[in-house]
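Computation of the quantities below employed the complete heavy-atom set of this structure, encompassing side-chain atoms and omitting hydrogens, waters and symmetry-equivalent molecules. Naming: A, B, ... by sequence-line order, numbering from 1 per chain.
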There are 2 protein chains.
Amino acid sequence: MEISRSARVSGGSTRQQAYQVLRGLIETVQFPPGQRLSENELAERLGVSRTPIREALLGLRDDRLVEIVPQLGTFVAHITRAALEDAQFIRVSLECAAVADAARRAEPAAVGELEDLVARQAEACRGDVDRFYPLDDEFHRRLCSLGGRAVAWSISQRASGHLNRVRRLSLPVPDYLAEMVAQHRAVLAAVAEQDPGVAESQLRLHLSRVLTGLGEIAHTHPEYFADDRDRNWASTLSPPHDPRSR
Amino acid sequence: MEISRSARVSGGSTRQQAYQVLRGLIETVQFPPGQRLSENELAERLGVSRTPIREALLGLRDDRLVEIVPQLGTFVAHITRAALEDAQFIRVSLECAAVADAARRAEPAAVGELEDLVARQAEACRGDVDRFYPLDDEFHRRLCSLGGRAVAWSISQRASGHLNRVRRLSLPVPDYLAEMVAQHRAVLAAVAEQDPGVAESQLRLHLSRVLTGLGEIAHTHPEYFADDRDRNWASTLSPPHDPRSR
DNA sequence: TTCCCGACACTACCATGCAAGTGTGGTGAT
DNA sequence: ATCACCACACTTGCATGGTAGTGTCGGGAA
C-alpha cells in the first residue's frame, strides 16, 4: 500500500496524502478498532518518513479516530457510544441548521443539480453499492453549500469518523439504500418549496436512520466496540428530539 | 516570553503548551493579523525546537487562525467576514442545540451552580473586566455540559478563534457587559423552566450580540481585516491555498 | 532613469538522530 | 513450580540536518 498507488491523485503534501490514506483505511475498517499503528511501520509501508505520518496521526487524534499514548503506542480508536453520540449531535446540529438556510435561499438551478444527483444515487442502489456512499456524501456536501454553509459539511465530515465506520459495517441492503434515496428526495422537496422547518425535520429523520442497525453491528462485531457503559446502543442514540424546536 | 514562564502551569506536552501560548497570543491580538510567524523564531523565543512549534501551528491552521504557505511563510490570519460568519454559524448551531437539550434535562442543582456563576459575572462587570471573559466562557461551557453535550463547547470553542479576537477588540463597555449578564440570566431562566424553545431563542439572541460592534472595530482597525472579495495585495498574500483537507 | 536578471536569504517540508519511558520475556533465585 | 527482577526491544516526543521553492534586493544593461 504505497502512498503513490493509493492516493497520489489527491495531490497536496505528503502529510495530507498520509492523512487521507490513513483516514480511509480506518473508516473502511481495514484498520480495525484497537489495531496498533506504529509510526515507524506506517512510514515504511507508505514509503515516507515518520514526520508526515506523525502529523497525520495528530490530525486523526483530533478526529478521535486514533488514540496516542505517549511512549506506548498509537491505536485505532474503539467505537464507543459516547463518540457516536457526540458525532451524531454535531452532524445533526450543523447540517440541520445548514439545510434550513438552504431552504431559505433555494435556487432552482442548484436544486435541479441535486435532483440529478439523487437520480444517480437511485441508479447506484441497483448497481455497484460502493458507488453510493460517495454520492451520499456529495449530496450532503452540496446541500450545505446551497445555503452558503459549506463549513457545516467540512466540520461535520471531520467529526463523523465514527459514524462512517458504522456505516461501512452496515450491510448494504438494497432496501436500506432505497430508503436513503427516498429520504433525500423528501429533504430536497422541502428545500425546493422553501420550507425550512420541514427540510430540517426531514433531514433530522434521515440522519437518525444511520444508526438504526447499530445494535446488530455491536452484536456481530463486539471486538470493535468499547463499552463505556452498557450495550444499549440504539435506545439512547436516537433521543426523542423535540420536532417543534426551531 | 519563554514557555516556562508563560504556560508551564498548563502542563501537558511541549506541543500542547506551544499551542495554548500561541493561540492566546493570537486571540488577544498580541500577535496581530497579518504578522509573520517564523517556525525558527518562535522556537527560539519559546526555548524549544521547531517540531512542537510546527505541530502547534498545524493545529492553529485547522482553527483557521494562521495561514501556512509552503516555502513562503506562516501568517496570522486576517479577520474576514466569511470566517466570522462560519464561526458564528458553528457556534450558534451547536450551542443552541446543546442548550435545548440542557433545558430538557435541567437539574436544579446544576442550574443553581450556574446562577452562582452569573452572579460572579455581575461582580466582574464592575471590577476587573478581564475577569469577565473567563467567566463567560465557563458559563457557556457548563451550559453545554448541562445537557450532556460537552462536545458542543469543545468544537465551538475550537472554531471561535476569529470571534474571540473581535471580542477582545471590543472595548469593554460596562453597559455591554451588564447586558451580557442579563442575557445569561434570561437563558438560564428558560433552562430552569425546562423550555427548550425559549432557551434556544434567548441564546441565539445573546450570541448574535457579539458581532454588533463589528463595524466599528473594522473602522478603527482596518489593518486587521481582509476584504474577502477585492483588495489585490490580499489575494496575493493569501493565494488560492489548498482547501483545508487535513 | 528604468528595467531586467541573478545571487541570496529565508521559508516550510521532509528525513533522521537522540532521549525518556513502557511492556515483555527470559533468567535466576527461592 | 513460582515469583521477582533485569535487560531488551519498541514506542512516541523532541531536536536537528538537508532540500526545494519563493520573495527580495542590488547590480548591470538599455
Side-chain angles (χ1 to χ4, degrees), chain A residues 2-4 6-8 10-22 31 34-62 64-77, chain B residues 2-4 6-8 10-22 31 34-62 64-77 232-242 244-246:
Chain A
E2 280 172 5
I3 206 171
S4 55
S6 300
R8 180 66 75 186
S10 73
S13 64
T14 307
R15 169 184 65 250
Q16 292 169 343
Q17 295 178 26
Y19 174 84
Q20 294 294 342
V21 169
L22 293 177
F31 280 177
Q35 172 160 334
R36 180 189 212 112
L37 298 178
S38 163
E39 290 181 2
N40 280 310
E41 184 186 343
L42 291 176
E44 190 178 359
R45 289 179 65 176
L46 274 78
V48 297
S49 84
R50 279 180 50 215
T51 303
I53 296 293
R54 173 177 171 75
E55 292 169 351
L57 289 175
L58 289 173
L60 292 170
R61 182 167 75 95
D62 283 348
R64 298 175 68 171
L65 283 177
V66 304
E67 291 172 4
I68 302 175
V69 184
Q71 326 300 350
L72 211 172
T74 302
F75 307 88
V76 177
Chain B
E2 282 172 1
I3 205 172
S4 54
S6 299
R8 179 66 75 185
S10 72
S13 64
T14 306
R15 158 172 35 88
Q16 291 170 341
Q17 294 178 27
Y19 174 85
Q20 293 294 342
V21 170
L22 293 177
F31 280 177
Q35 172 160 336
R36 181 188 212 110
L37 298 178
S38 163
E39 289 181 3
N40 281 310
E41 184 185 344
L42 291 176
E44 190 177 0
R45 290 178 66 177
L46 275 84
V48 298
S49 86
R50 304 197 321 267
T51 303
I53 296 293
R54 171 178 172 74
E55 291 169 351
L57 289 175
L58 290 173
L60 292 170
R61 175 161 83 74
D62 283 349
R64 297 175 67 171
L65 283 177
V66 305
E67 292 173 4
I68 302 175
V69 185
Q71 324 301 349
L72 212 172
T74 302
F75 306 88
V76 177
N232 301 331
W233 58 268
S235 60
T236 55
L237 201 135
S238 333
H241 189 233
D242 55 25
R244 63 185 305 276
S245 52
R246 255 189 56 124

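For B:Glu67 and C:dT11, the CD to P distance is 18 Å, given to the nearest whole Å. Nucleotide C:dC14 holds its C1' atom 10 Å from the CZ atom of B:Arg50, rounded to whole Å. Atom-to-atom, CD1 of B:Ile53 to C1' of C:dC13 comes out at 16 Å; the value is rounded to the nearest Å. Between the CG atom of B:Leu42 and the C1' atom of D:dA15 there is a distance of 16 Å, rounded to whole Å. B:Arg61 has its CZ atom 12 Å from the C1' atom of C:dA12, to the nearest Å. If you take CD of B:Glu55 and P of C:dC14, they are 13 Å apart, rounded to a whole angstrom. Per the geometry, CG belonging to A:Leu46 stands 13 Å off P belonging to C:dC14, to the nearest Å.
For C:dA15, neither phosphate oxygen OP1 nor OP2 lies less than 4.0 angstrom from any side-chain nitrogen or oxygen of A:Thr51. Taking 4.0 angstrom as the limit, B:Arg54 places a side-chain polar atom (N or O) nearer than this to OP1 or OP2 of C:dC13. For D:dG13, neither phosphate oxygen OP1 nor OP2 lies less than 4.0 angstrom from any side-chain nitrogen or oxygen of B:Ser13. The shortest distance between the side-chain N/O atoms of B:Ser49 and the OP1/OP2 oxygens of D:dC14 is not below 4.0 Å.
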With 3.5 Å as the limit, what N/O pairs link the protein to nucleotides 6-11 of chain D?
unit_1 : atom_1 : unit_2  : atom_2 : d
D:dT11 : OP1    : A:Ser38 : OG     : 3.0

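Evaluation of the salt bridge (charged side-chain N to carboxylate O under 4.0 Å, His left out) rule for A:Glu41 yields A:Arg45 as partners, not counting sequence neighbours. Remark: A:Arg54 engages A:Glu39, B:Arg15, B:Glu55 in a side chain to side chain contact (heavy atoms under 4.5 Å, CB included) (not counting sequence neighbours).
Using a distance-only test at 3.5 Å, with no hydrogens or angles considered, no donor-acceptor pair links the side chain of A:Gln20 to the main chain of A:Gln17.
Residues A:Phe31 and A:Val76 approach most closely at O-CG1, 3.8 Å, considering heavy atoms. Heavy-atom minimum distance, B:Gly59 versus B:Tyr19: C-CE1, 4.0 Å.
Interatomic distance, B:Leu57 CG to B:Leu42 CG, rounded to the nearest 0.5 Å: 6.0 Å.
Contact of the A:Leu58 side chain with the A:Ile68 side chain is registered, since non-hydrogen atoms from C-beta on lie closer than 4.5 Å.
The B:Arg15 side chain lies nearest to D:dC14 when the options are D:dT16, D:dC14, C:dA12.
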